[in-house]
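Note that the structure is a prediction, hence the values are computed from the model and not measured.
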Amino acid sequence: MSLFSSKKKKPIIGLTLSGGGMRGIAHIAVLKALEEYNLKPQIISGTSAGSIIAAFYSFGKSPDEMMEIVKHTTFFSRSYLRLSKNGIFSSNFILKLLKDYFPEDDFKILKIPVYVAATEMTHGIVDFFSEGELFTPLLASSSVPFVLPPVRVGEKIYIDGGVLDNLPIEPIIDKCDFLIASHVNSISYDSLDKMSLMKEFDRILHLAIAKSVYSKAPSCDIFLDPPKMTKFSLFTKKNLDVMFQEVYEYTCKELEDKGHSRVS
C-alpha cells in the first residue's frame, strides 16, 4: 500500500543524503526510485557530495538530467592537482560545476528547502547552512580533509560535514512527517590485499564515522544503505553505470518490501 493511499493530507517527506565523494552519485539513483514510488521529498539535508546532489535536485534538475551532468563533468582530474599543504586538489572543479548550472549564488534559487552540513574546525561542531550564499557552504561541506582545502566562511574555517555528521538528519527531523535517509558508504569487507593509498584512506575514514551514521538509522522511517558501496571509488567515475543500476534496484526493492507502490 502506498504511503499516500488515503485521502488525508499528504505527509511532508524529508530526505537526508550522506557524503561519499563520487559515490554520492548513487543518491541520484535513490532520487529516481523515490519519484517513481511517489516519495518526492519536500525538504532535504545533506553533507559533502550529498549536499551538492540536494542543491541540484532542489533547483529543479531531474535525476536523468543530473546523470547527464555527471557524465559530462570532469572531477578530480590532473588539471586540478595542487599538492599543497592544504589539499591534494583545488576545489575549483566544484566551483566551476556550480557556476555552470546555477544562475545565482544564493539559496533562494532552490525550490525545495536544503540544509547543508559543514564541520567547523575551531570548536569541532557541525553548522548548517540554509540561506544566503550557496556556493561557499557547498564547497565547505565537500572539503574532504587533505584532499580539498578548508573553506573560510566569515571568521570560521570549515571542512567536510561528513567528518562529524555524515547523516545530517538533525535540521529536518522535526520539520517532516516521514524521514528517508540515503547512506552510500557501506563497507565492503573484501580482501585488503593490494589496497591503494586512496582506498586505505577511504576505509579509515568510513570506519571512523560509521558508528555515528548507524546510530541514527532507527530515527529514520526508511534508511537506505546499499551494500558493499566502498567497492566503488571515492574519487573516480569508474563503474558509474553499474553503481547507479545497483543502487536503483536496491532502492526499488526496499520500497516494495516496505509496502510502497510504484506510480504508473
Side-chain angles (χ1 to χ4, degrees), residues 16-33 46-57 61 63-82 87-98 100-101 116-118 138-149 159-163 166-167 182-188 190 195-210 213 224-251:
T16 295
L17 304 178
S18 75
M22 295 307 299
R23 288 195 294 270
I25 294 165
H27 292 312
I28 302 174
V30 169
L31 286 163
K32 184 176 179 67
T47 192
S48 200
S51 70
I52 295 174
I53 297 296
F56 271 87
Y57 187 72
K61 295 295 184 184
D64 289 342
E65 287 173 326
M66 285 192 281
M67 281 304 292
E68 284 303 308
I69 290 171
V70 167
K71 289 177 180 179
H72 292 94
T73 301
T74 301
F75 303 91
F76 297 108
S77 70
R78 290 184 179 181
S79 61
Y80 292 105
L81 274 172
R82 54 183 283 165
I88 300 171
F89 292 92
S90 161
S91 56
N92 285 341
F93 69 92
I94 300 176
L95 188 59
K96 181 180 186 304
L97 175 69
L98 301 177
D100 283 349
Y101 290 98
V116 174
L138 291 175
L139 287 174
S141 183
S142 306
S143 293
V144 181
F146 311 116
V147 178
L148 294 170
I159 58 171
D160 194 307
V163 171
N166 206 31
L167 200 73
S182 175
H183 176 244
V184 293
N185 303 291
S186 61
I187 295 172
S188 174
D190 295 332
M195 180 176 278
S196 68
L197 182 61
M198 283 302 188
K199 276 194 169 291
E200 185 176 333
F201 172 78
D202 185 2
R203 175 65 61 92
I204 292 169
L205 176 65
H206 288 99
L207 283 173
I209 64 181
V213 168
L224 299 168
D225 189 36
K228 296 187 175 184
M229 286 297 289
T230 56
K231 68 184 178 183
F232 300 110
S233 174
L234 198 64
F235 301 111
T236 74
K237 291 192 285 185
K238 186 177 180 181
N239 298 319
L240 170 64
D241 291 331
V242 173
M243 178 178 70
F244 184 93
Q245 191 61 30
E246 284 189 11
V247 174
Y248 171 75
E249 291 176 0
Y250 162 87
T251 305

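In this structure Glu68 satisfies the side chain to side chain donor-acceptor pair (under 3.5 Å) test with no other residue, sequence neighbours excluded. Considering only residues two or more places apart in sequence or on other chains, Pro63 meets the side-chain contact (heavy atoms from CB on, under 4.5 Å) condition with Ile28, Leu31, Lys32, Glu35, Tyr57. For the side chain to side chain donor-acceptor pair (under 3.5 Å) test, no residue two or more places apart in sequence or in another chain qualifies with Thr230. By the side chain to side chain donor-acceptor pair (under 3.5 Å) test, Asp241 is found to be paired with no residue, residues two or more places apart in sequence or in another chain being considered. Take Tyr250 and apply the side chain to side chain donor-acceptor pair (under 3.5 Å) test, not counting sequence neighbours, and it matches no residue. With sequence neighbours excluded, no residue satisfies ring-ring contact (aromatic ring centres under 6.0 Å, His included) with His27.
Nearest heavy atom pair, residue Met66 against residue Ile53, reads SD-O, 4.0 Å. The two residues Asn166 and Gly162 come nearest to each other via the heavy atoms OD1-CA, 3.5 Å. A pairwise comparison of heavy atoms in Ala49 and Gly24 identifies CB-CA, 3.9 Å as the closest pair. Minimum interatomic distance between Ser51 and Ser142 (heavy atoms only, all atoms of both residues): OG-OG, 4.2 Å. Asn185 and Gly20 get closest at one heavy-atom pair: OD1-CA, 3.3 Å.
Here the straight-line distance linking atom CG of Asp160 with atom CG of Leu148 works out to 8.5 Å at 0.5 Å rounding. The CE atom of Met229 lies 11.0 Å from the CG atom of Leu234; values are rounded to the nearest 0.5 Å. Atom CG of Leu167 sits about 9.5 Å away from atom CG of Asp225, to the nearest 0.5 Å. For the atom pair OG (Ser91) and NZ (Lys96), the distance works out to 14.0 Å, reported to the nearest 0.5 Å. Atom-to-atom distance recorded for Glu249:CD and Phe244:CZ is 10.5 Å, nearest 0.5 angstrom. From Thr47, atom OG1 reaches atom CG of Leu17 across 10.0 Å, with rounding to the nearest 0.5 Å.
Using a distance-only test at 3.5 Å, with no hydrogens or angles considered, a donor-acceptor pair links the side chain of Arg23 to the main chain of Phe232. Within the 3.5 Å criterion, the main-chain N or O of Val184 finds a donor-acceptor partner in the side chain of Ser18. When atom types are taken as modelled, the side chain of Ser48 and the backbone of Gly50 share no donor-acceptor pair closer than 3.5 angstrom. A side-chain donor-acceptor contact under 3.5 Å links Ser186 to the backbone of Lys228. For the pair Lys61 (side chain) and Met67 (backbone), a donor-acceptor distance under 3.5 Å is absent. Within the 3.5 Å criterion, the main-chain N or O of Pro149 finds a donor-acceptor partner in the side chain of Ser143.
Looking only at side-chain heavy atoms (C-beta outward), Leu97 and Phe56 come within less than 4.5 Å of each other. Side-chain contact between Thr73 and Phe93 is absent, with no heavy atoms from C-beta onward closer than 4.5 Å. In this structure, Thr16 and Ser182 have side chains that are not in contact, with every pair of non-hydrogen atoms separated by 4.5 Å or more. Proximity of Leu224 to His183: side-chain heavy atoms (C-beta onward) are nowhere separated by under 4.5 Å.
Between Leu95 and the options Leu138, Asp100, Leu139, a side-chain contact (heavy atoms from CB on, under 4.5 Å) holds for only Leu139.
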